[in-house]
Amino acid sequence: RKEVEQDPGPFNVPEGATVAFNCTYSNSASQSFFWYRQDCRKEPKLLMSVYSSGNEDGRFTAQLNRASQYISLLIRDSKLSDSATYLCVDPPQGGKLIFGQGTELSVKP
Amino acid sequence: EAEVAQSPRYKITEKSQAVAFWCDPISGHATLYWYRQILGQGPELLVQFQDESVVDDSQLPKDRFSAERLKGVDSTLKIQPAELGDSAMYLCASSEEGKSNTEAFFGQGTRLTVV
């Protein structure tokens, strides 16, 4: 089993739609996670952190369910500019980042 | 805004040749990472440095890959000899300290094509 698993998609949604991605992880000791965003052929950039209390930033909401060991990212009112690959990341002790394979989102007009 | 610098941006090399990538992290960042990302997959850690010391190189194919960060600042990743399967994006990242919940900042990467 991979340490961090994501549905690779692609998710094709119309502008204005709400879309949700899930990510499962295997390290039961992990207490926080990151969502990174990666545009085509660019480097990953931090989107938001996720703690057990959840996190909301504008149209983006991230939640962590430690009992079921999954993380979710909800995007409301999707914009064309949201098209990207979203990477779920486990940052265990020691600092290294363990990435999922990424979920591709394509928002269409 | 401070950035992680990488060079070259693109590299085409023939198999069995040697290739090297360079990374200059954000000033003051003690932790430096090299990741490899194959198209359609997430980045995979090759090596992690804390200052000049290797913290984790368990996934580095040591028969052909080497990495160094001699003065604890910039770093070089080398492949010798290159193989077709090494074609990928090589990403360097840095963070202030190697602890959980610390954001890592990525450079633009070096896209390697082995022919």
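In what follows, chains carry the letters A, B, and so on, assigned in the order in which the sequence lines appear, proteins first and then strands, with residues in each chain numbered from 1. Not measured: the values here are computed from a predicted model.
In this structure, the separation between CD on Gln17(B) and CD1 on Ile12(B) is 14.0 Å, given to the nearest 0.5 Å. Rounding to the nearest 0.5 Å gives a distance of 10.0 Å between CG of Asn22(A) and CD of Gln63(A). Going from atom CZ of Arg41(A) over to atom CZ of Arg111(B) covers 4.5 Å, rounded to the nearest 0.5 Å.
Below 30°, between 30° and 60°, or above 60°: for Phe99(A) and Phe106(B) the angle between ring planes is above 60°, a perpendicular geometry.
Interface remark: Pro44(A) contributes backbone and side-chain atoms alike to the contact with chain B (heavy atom separation under 4.5 Å). Only the side chain of Tyr51(A) comes within less than 4.5 Å of a heavy atom of chain B; its backbone N, CA, C and O stay farther away. Contacts of Glu104(A) with chain B are absent, with no heavy-atom separation under 4.5 Å from either backbone or side chain. At a 4.5 Å heavy-atom cutoff, the contact between Gln37(B) and chain A is made by side-chain atoms alone.
Just one residue in the list Asp90(A), Ile71(A), Val4(A) forms a side chain to side chain contact (heavy atoms under 4.5 Å, CB included) with Ser30(A), and that residue is Asp90(A).
Ranked by heavy-atom pairs under 4.5 Å with chain A, the first of Ala93(B), Gly42(B), Gly107(B) is Gly42(B).
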